[in-house]
Structures are given as structure tokens and as C-alpha cells.
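I'd like to ask you about the structure that follows.
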Amino acid sequence: MDDVLSFVFLMFAATLRVATPLVLCAMGGLFSEKSGIVDVGLEGKMLMAAFFAAATAAVTGSAWLGVAAAIVAAEAMALLHGFACITWRGNQVVSGVAINILAAGLTVVLGAAWFARGGQTPALESEQRLMPLFFPRAGDSIPVYVALASVPLTWWIIERTRFGLRLRAVGEMPLAVDAAGISVAWLRYRAVLLCGLFAGLAGAYLSIAQNAGFSRDMTAGQGFIALAAIIFGKWRPFPAFGACLIFGLLDAVAIRLQGVEMPGMGEVPVQLIQALPYLLTMFLLAGFIGRAVAPKAAGVPYEKEH
Amino acid sequence: MNRWIGPLVALFAACALAAPAVAQTAIKPAIVYSTGGKFDKSFNEGVSQGSEKFKKETGTAVAEFEPTNETQFEQAHRRFAQRGQDPIVAVGFSQGVALEKVAKEFPNIHFTIIDSVVDLPNVQSVVFKEHEGSFLVGVLAALASKSGKIGFVGGMDIPLIRRFQCGFEQGIKYANPSAELISNMTGTTPAAWNDPGRGAELAKGQFDRGVDIVYAAAGSTGIGVLQAAKDRGKLGIGVDSNQNYLHPGTMLTSMLKRVDLAAYNSFKAAQAGTWKGGTQVLGLKEGGVDWALDKDNEKLITPEMKAKVEAAKADIVSGKIVVHDYMSNNSCK
């Protein structure tokens, strides 16, 4: 019985651990998408943040300065995205892709120039990282709790505050918001900055809590998975959170099922296990989530009529 | 006009004569690293140590290239060959295809490839008996494990990494037949060499299942595995270079693969004019693989463990123990 309990607890912990960056990114992405700014650049923001968190923590020795640097880096990328998409009304997908490419290249170049380790940052000591708070085996560092808290907070801001109402409105019909005398650009900038804040935290979690240092392309597509989770969740915080947990659980299961003897089928082939998350994604996408309707103005730059 | 021709011809003749005389002593070596990067604390870094040694001893400059993705291999080989760099060392099995193509185009340039076999007269292939070295660290792991459960985290799921795993398993069973090995592969694409987050997560999964020693054969992914071992107070085993220094006190040992020798020997031979193509297989006997003992792990290795592993080593060298090679039949049986 104890074994089962501890197995369930450890699976739960592993799921949360893996899902934390997804949840943070998904919540950030929600703000941006709700306001009508599609954010393909979550991945790049997170990568940039991960690099600056690890680099700052390695140089200053402080994990919290690392977190601050991560947020500043992600906000800089967010502002760049905002500048291109809001001020200059550029194509949001193109800008997002550009941010991803920029981050993938810049982190490695800066890393190689500063630390001469082929793009990696030096390995961090425990005191330079965000360590688990209560359960060392579970890895429950502060960002994990922040991620959990961010879900009801996001829901409350979007559904229950005046800012949230306007945010939703600007994502559906910016013309109406403009006609009411509220600045579309300023609202969208605030949404994009909120997105940067969350992506920054997610990046910091990756490099100074979950791991001990930055390595090239360490986000490994998690920004895109977060984006998929937003769509799964039909642009609503709690369902998106659920989607992140499913992805996390699948990953945790995939890790633990490798090489385990299953009753009736012998050892599960590695390839099948590794394909499992993708198979289930297709299955869920095809059959279960139904129609996902994006905010109407998502991806459309707002232009005042002249 | 005519009076210039004589001296000109003489000058060209002098150049033509001088060139081969220079070529015998001065070489222009080059290295193309794998995508893990020169400072991966493991495989590539081992090669760079060999090259640094050569540089220091001879004062010869070594040109280097660190590709950021696999498509750059061929360009890098070709550019070095066009510039007359010779010999060119390619690091890692994934450069095999590109190297074969370029080596055919430049039959006069000498190439050395590590971890793969390319059958051309101007290519020297250096491969290692990783199963023998892994056997030794498997013996140590079995002797040091308290739970009797030992973990293995591989990088990309390819026969080469299965060879590490298979040798490791044989070593474990040799020292403790009832010990259990739990294995994970990080992925099936080259990204699996560079995913420390996933490496750490795999290792934690193994620790949750009772593993107390984990062997990482996964390039940069291994950094995450060894870090996870330290975070959880378990023991890690490094690979390729001596990685004991990464976490003194929680590194049981490292499986040494002397890739530094491969680069160093190739350059040295080219300089001496004794460079030969063909395949070199470096095992325990040739000093190509070994286990690491230094000040960072000496407290973890008891005299009995040392005696037992040295005995196994002597038996493998003498041929008394034959470690099965996974790649000989693509099976660990």
C-alpha cells in the first residue's frame, strides 16, 4: 500500500515538475492571445529568459537576481514583439518566428563568448538555484507553486476585472474598444508584457530550478506545447491548465514506462513510449476537444480608420 | 623580355622543390567537432584536450569548427579540404556520411573519423571498445550499489549507445548476478545529446524506482543526469572524458574513452609522415578505454573494489573474459 501511495505521489510530483514551464507559458500566452496578439514566440522568450537566468546566477551567485534577469530578458523580447505587431502592425506569426530564431542564435553566441563552453553556462551550485521547499524528492521549488497560483489568478484577472473585460473585448472587437475611448495599443502592450513576465518565470524555472545551468535549445519545443495547450483549453485558463497537466503526465509516464515489463505484452518498446504523447495529442485533437474558437481579432493588427 | 624568363623558371623550380620538403614537417591539421560542442565536458572536450596537447608540444596551429547543426558537417569538411587543411579529424559517428562524400572528392587529403568506420584509403577510422570500459564501471557500480538497482541513461537510441549499455550490464552481472539494471534512452533524434532537463527527469524516475547509481552515456544530456544524482544524494558515473571533477564526492567514477589519443595520434603520425588509413579498434588492451580514479572519487572506491575491477581488467586484456559487443549482432545476448 505504501508503495502505491509513494508511486502516486512521485508520479504527481513528476507531472507538476514537467508541467510547470508549460503552465506558466500557457498563462502568459493566454493574456497575449486574449488581447488579439498571437504569440508564436513563447519558445524564444523562454529560451532567452533561461539563458539570462543561468548566466546571471552564475556570475552574481544569486538565484533571485537570475530570476530578475530572466524577466527583464523576456520582457525585452515581449516589447520587441509588441513593437513589431502593435506599433508597426506587422505579421504576428512572422515576428514570433523571428523571436524564436533570434533567441536560438543569440543565446548560443553570447554563451560561447562569455563562458567559452560551447553555448552552455557554468554548472550552478545549490545556493545559486531555486531549490525544493518542502519535499526534496518532489522538486517543489517556488516556480512550481507560482505556476499553480497563476491559474486562478489568470482566470480572475480575465473574467472578473475591468482590465480583463477590456482585454477580452480588444481581442474580439478592437474597434468597439477604440470607440469607447480606450487605447487599443496600450491594452495590447500590457497583455504582451504580462506574457513576457510569465515566459520569463518559465525560463528561469528551466535553467535554475529544474536544471543547473543553461544549455543550447534547452526549451526543446515546450513553448509550442504550451501554445497547443492554450488551443486545447479553448483559450480558457483552467482547461488550458488541464491540458498542460496531461502533457506533463504523459511525459512522466513515458519516462517511467521505459523498460518496464507490462503484463501481457512484455517489455514496452521504447519507440512506442516515446511516440505516446504525440499519439495521444492527435487522438485528443481529433476526437475530444471539439471546436476551438480563437479570439476573433487574434492575429489581426488593429488599424484606425483614417 | 627573354632575360627575365631564366630567373623566373629558376624561381618556380625552387618553389616546386621547396614545397615537398616543407610539407614533410609542417602540417595544417583541423578538427570538426560534433553538435555537442567543443566544451561538452565529455566526448568533444576529450578530443580538444588531445589537440591542445599536440599544439603545446609542437606549436602547430589547429583549425577548428563547431557546427551548430548536422547539415554543416559536409560544408565544414569541404572548406577545410579546399583550404588544404590536412589531416582533418571528424568527431562523432554522425559525420560519417558527409565525410565519405568529401573524402572521395579530395583523395590527397587525410581524414580521421572517430566512432564510425569509413572504408576509403585516405580515411583513418578510430573506434573504441566501449563495451569493455563500460564493463569495468559496471563492476564498480554493482559493488558500490546498496539497493542492488543500477540505472543507465543513454543519449540517442543507436547501436553505439546500446553497446555501452550492454557492456555495463555484463559488468554488473559479473560482479553481482542478482543486481538489476534499469535503462532509459533520452530520445531517437540528435537532440537527445543535448537535453539535460530530460536527462535529469529520467534519472529522477530511476531513483524513484530504487536506483542508487546511474551511468550516463548521453553527451551533454549526461550533465543533467549527474546533476540529478548529486541533488538526490545518489552516485553518478561519467563517460568519455574524466567527469569526476563535475561533482566531487558523488561521482563513483568515469568510463574513459581516450578520444584525445585519436586526435593526437593522427596529428603526430601526419607530422612524422607515418599516417595510415584503415580502421583502428582501441580497447582495454590498447589503452583506448579505462575507468577513472582520481582525488575526486578515491573515497568512494574501497581497496576491495579496486582489486576486483583491476582483476576484471586483467582478465579482459588477457582474453579470459570476453565482453559481448552489442554491435556484432545487434543484440545483447
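Proteins get letters first, then strands, A, B, ... in listed order; numbering begins at 1 in each.
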(message) Quick check on B:Leu202 against chain A: is it the side chain, the backbone, both or neither that has a heavy atom closer than 4.5 Å?
(response) both
(message) Counting only non-hydrogen atoms closer than 4.5 Å, does A:Glu125 touch chain B with its backbone (N, CA, C, O), its side chain (CB onward), both, or neither?
(response) side chain
(request) Identify which of B:Asp231, B:Ile223, B:Leu246 forms the greatest number of heavy-atom pairs closer than 4.5 Å to chain A. (result) B:Asp231
(message) Just so I know, are the side chains of B:Glu64 and B:Val47 near enough to count as touching, which here means a heavy-atom distance under 4.5 Å?
(response)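 With C-beta onward as the side chain, the pair stays apart.
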(message) For the interface with chain A, which of B:Glu45, B:His247, B:Lys204 has the highest count of heavy-atom pairs at distances below 4.5 Å?
(response) B:Lys204
(request) Could you check which of A:Met11, A:Arg17, A:Met131, A:Gln210 has the highest count of heavy-atom pairs closer than 4.5 Å to chain B? (result) A:Arg17
(message) Side chains of B:Ser254 and B:Gln243: any donor to acceptor distance under 3.5 Å?
(response)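 There is no such pair (donor and acceptor under 3.5 Å, judged by atom type) between the side chains of B:Gln243 and B:Ser254.
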(message) Please classify the contact between B:Gln227 and chain A as side chain, backbone, both or neither, with a heavy-atom cut-off of under 4.5 Å.
(response)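 Side chain only.
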(request) Could you tell me whether A:Phe224 atom CZ has more than 12 heavy atoms of other residues or ligands within 6.0 Å of it? (result)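 Counting other residues, nucleotides and ligands, CZ of A:Phe224 exceeds 12 neighbours.
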(message) Under the side-chain contact (heavy atoms from CB on, under 4.5 Å) test against A:Leu16, which residue among A:Asp140, A:Val23, A:Leu249, A:Leu148 passes?
(response) A:Leu148
(request) Give the C-alpha distance, both sets of side-chain angles, the deciding distance and a yes or no for ring-ring contact (aromatic ring centres under 6.0 Å, His included) between A:Phe9 and A:Phe135. (result) CA-CA 11 Å; A:Phe9 171 72; A:Phe135 313 101; 5.7 Å; yes
